[in-house]
Protein chains: 2
Amino acid sequence: MTVGIRDVARAAGVSTATVSRALGKGPVSEALRAQVDAAVRATGYRPNLSARRLRSQATQTVGLIVADIRNPFFTAVSRAVEDAAYDAGMRVILCNTDEDSAREAMYLRLMEEERVSGVIFAPTRATAEALGPGDLPFPTVFIDRAGPPGLHDSVVLDNAGASAALVDHLVAKGFARIGGLFGSTSSTAQERRDGYAAAMARHGLDACVRSVLPQADAAEAAASAWLEEPGRPEALVLSNGQILMGAFRAARRRGLRIPNDLALAGFDNEPWTDLVDPGLTVIEQPVAEIGAQAMRLLFERIATPDQPVRKVTLSGRAILRGSTGAA
Amino acid sequence: MTVGIRDVARAAGVSTATVSRALGKGPVSEALRAQVDAAVRATGYRPNLSARRLRSQATQTVGLIVADIRNPFFTAVSRAVEDAAYDAGMRVILCNTDEDSAREAMYLRLMEEERVSGVIFAPTRATAEALGPGDLPFPTVFIDRAGPPGLHDSVVLDNAGASAALVDHLVAKGFARIGGLFGSTSSTAQERRDGYAAAMARHGLDACVRSVLPQADAAEAAASAWLEEPGRPEALVLSNGQILMGAFRAARRRGLRIPNDLALAGFDNEPWTDLVDPGLTVIEQPVAEIGAQAMRLLFERIATPDQPVRKVTLSGRAILRGSTGAA
DNA sequence: ACAAGTGTTGAAAACGTTTTCATAATTCAT
DNA sequence: ATGAATTATGAAAACGTTTTCAACACTTGT
């Protein structure tokens, strides 16, 4: 029923080997190549990628495993990754783990079974810490969140530096009782927390941090409760866009005026942070650059498996808006 | 080097056929099944999905082709689709076309070459109109946007009805000079435009529509120019979340107070529409339901290829907020 | 004119599975 | 006890490609 390469070969009056070479880049005379092209068109032939991958042992595929596809940070990164992959003639298998390590394990096994050329991975902290040498039997680049130190390439933000910049800015604006609400599932959130704490210490201020699942509703509940307590913070640092949204919702629900009653500074320059009133001060991550660099590292790792491990650290850009009393 | 099913067979002292059956659901005695399981663990065997798919001629894969993965509508739908696929033991290949028909063609060809079991597709208007019988040689369910009438299953919103509801609401609130800004690339936008026009006519009002690429920056430019003209509309209906965002930006840039100077009503209940001041009146789409229904239709079509074409129309829910002078 | 290249081509092997098909072992009805 | 039906197993074919290998047809340098 379905038309295969032997049908094309028969139609063109050549061998299957010649058809295969004509379709690829093998040496074929111009005359035969034209015959083959005509036969392909005439038969409506479509190569079978499963067969091709099996025989050639080259899947031309990379995996991209992210924690939350609804988070604009990851969708933006995935766009950059796909563009780079597409330019290199590769396909991307996009996987969404929902910050769930069981799903991570499942997708990592899938990557093995698909025989992908490599994987770009944003792991949960639990998985990153449990990973030993050899657990990832394919070239891997960690993204956003570093894996076990020294084992794999990674491209991450200067999280501590970015957090410190937010604290410095808040201090300069006159805030002192600055709290921090950070995600509980990623090493990135942990680094941001540490950067926050270090900066607070540097300014001689008391750090006060809480952890929460990196989702808007969880963050809203946590922030709302916090803001009700006596001695509540007069400014909040939030470790990603979802948590920032939750905190903003909580402040509004409590009727707090921003920045007078509560200042807000967070991560991820999502479109809406500029739409609300006042605009929210955020660290903008170079999302396209992160995706592109990750693909670059991955390709180089695939080409040269034994080269030393590399870590690319990119800087965020602080965008100062009304939520911290700026501009 | 890499361990295959014959290595497992050798380790377990059985034939490859038995290993295959033990791994699948073939009839194997308990004793041998245990031996095979042990051998699998001992060897660290991972099945090669390419080989499996080639031999079994069952890819266990569906394609999902959307127009813009950054649009929260599509990410939400894709989540629902993936969940349903996962429950059925299927994989999803997610493709993003950027509203570009060349990329659509490329991905449709990829779907053929991957020999997917079926495809869920949100086509551009250009592609939908150009599609004839037999152009899609796999089971296909159109989503969000209907394809050529009567050829394929589809699950869509009652776009005309939803648009009309927005117009009715605006009229009830006392607005008369109501303009409409609609996307130019989708049949969905077209239906929303028609629904708007019909409702305006029903109220004895003049319709006034413009088209724009469904992206925030394009919509902002178009809306901004429009709002500068004499006789500008006092209310605007916007055909999706991106265009709504553009219009909101334009209004703010022009210093127009909402809803006093300009009322806004649009589609897609994205998180930020509730965060801005005033909140934006929108039609909420049943995104999870859309994805789940699409998968259901697709599975049924795969199981029974010759059943009559079905079209599922879901209703949106109007969420009335301050941007139209409501609540 | 001859040996040695240089390039094109086809036959057949190979990729790692699943699925037929035949066979051996078991159960069951008589 | 015997033949028929059932069940578990293995050998080998099959899935649709790419790649090896040998053969062939040319050039080319001498």
Side-chain angles (χ1 to χ4, degrees), chain A residues 1-37 39-40 43-61 89 91 109-117 137, chain B residues 1-37 39-40 43-61 89 91 109-117 137:
Chain A
M1 190 60 218
T2 167
V3 30
I5 205 176
R6 43 204 327 139
D7 301 300
V8 178
R10 197 173 312 122
V14 299
S15 72
T16 62
T18 298
V19 174
S20 176
R21 284 189 276 254
L23 262 37
K25 51 179 163 40
V28 185
S29 68
E30 270 316 307
L32 285 197
R33 188 181 296 271
Q35 284 181 44
V36 170
D37 286 352
V40 165
T43 56
Y45 168 73
R46 289 281 181 270
N48 182 317
L49 290 187
S50 293
R52 177 174 286 178
R53 286 198 270 254
L54 171 60
R55 171 59 232 216
S56 69
Q57 301 285 76
T59 57
Q60 305 283 54
T61 299
R91 257 198 356 99
R109 181 164 50 230
L110 177 66
M111 296 300 100
E112 285 192 67
E113 300 186 349
E114 292 278 4
R115 303 294 194 269
V116 295
S117 308
Chain B
M1 189 58 220
T2 166
V3 29
I5 205 176
R6 43 203 329 137
D7 301 299
V8 177
R10 197 174 312 122
V14 299
S15 73
T16 62
T18 298
V19 175
S20 176
R21 282 189 276 252
L23 261 38
K25 50 181 162 42
V28 185
S29 68
E30 271 316 307
L32 285 197
R33 188 181 296 271
Q35 285 181 44
V36 169
D37 285 354
V40 164
T43 55
Y45 168 73
R46 287 282 180 272
N48 182 317
L49 290 187
S50 293
R52 177 173 287 180
R53 286 198 268 255
L54 170 59
R55 172 59 233 216
S56 68
Q57 299 287 77
T59 56
Q60 305 282 53
T61 299
R91 263 202 346 103
R109 182 162 50 228
L110 177 66
M111 296 300 99
E112 284 190 68
E113 300 185 350
E114 292 277 4
R115 303 293 195 272
V116 295
S117 309

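To find a chain, count down the sequence lines: A is the first, B the second, and so on, and within it residues start at 1.
- For Thr18(B) and Ala51(B), each mapped to the nucleotide of DNA chain C holding its nearest heavy atom, the one lying further toward the 5' end belongs to Ala51(B).
- Taking for each of Leu32(A) and Thr16(A) the nucleotide of DNA chain C with the nearest heavy atom, the 5'-most of the two is the partner of Leu32(A).
- The shortest non-hydrogen separation linking Ala39(B) to Val8(B) is CB-O, 3.7 Å.
- The nearest heavy atom of DNA chain D to Ser56(B) and to Gly13(B) marks one nucleotide each, and the one closer to the 5' end goes with Gly13(B).
- In 5' to 3' order, the nucleotides of DNA chain C bounding all contacts with chain B (an atom under 4.0 Å from a heavy atom) are dG16(C) to dT20(C).
- At a threshold of 4.0 angstrom between heavy atoms, the contacts of Leu49(B) with the nucleic acid are absent.
- Residue-level contact check: Arg33(B) touches neither bases nor backbone, having no heavy atom under 4.0 Å from any strand.
- When heavy atoms are screened at a 4.0 angstrom cut-off, Ser20(A) is found touching base atoms of the nucleic acid.
- The backbone N or O of Ala22(A) sits less than 3.5 Å from a side-chain atom of Arg33(A), completing a donor-acceptor pair.
- Listed here is the closest heavy atom pair of Val3(B) and Gly44(B): CG1-O, 4.2 Å.
- Within the 4.5 Å cutoff, side-chain heavy atoms of Ser117(B) are placed close to those of Thr59(B).
- Using a 4.0 Å heavy-atom cutoff across all strands shown, Arg53(A) reaches no nucleic acid atom at all.
- Identified under the side chain to side chain donor-acceptor pair (under 3.5 Å) test for residues 45-56 of chain B, with sequence neighbours left out: Glu112(A)-Arg46(B), Glu114(A)-Arg53(B).
- Between Thr16(A) and Ile5(A) the shortest heavy-atom distance is O-CD1, 3.9 Å.
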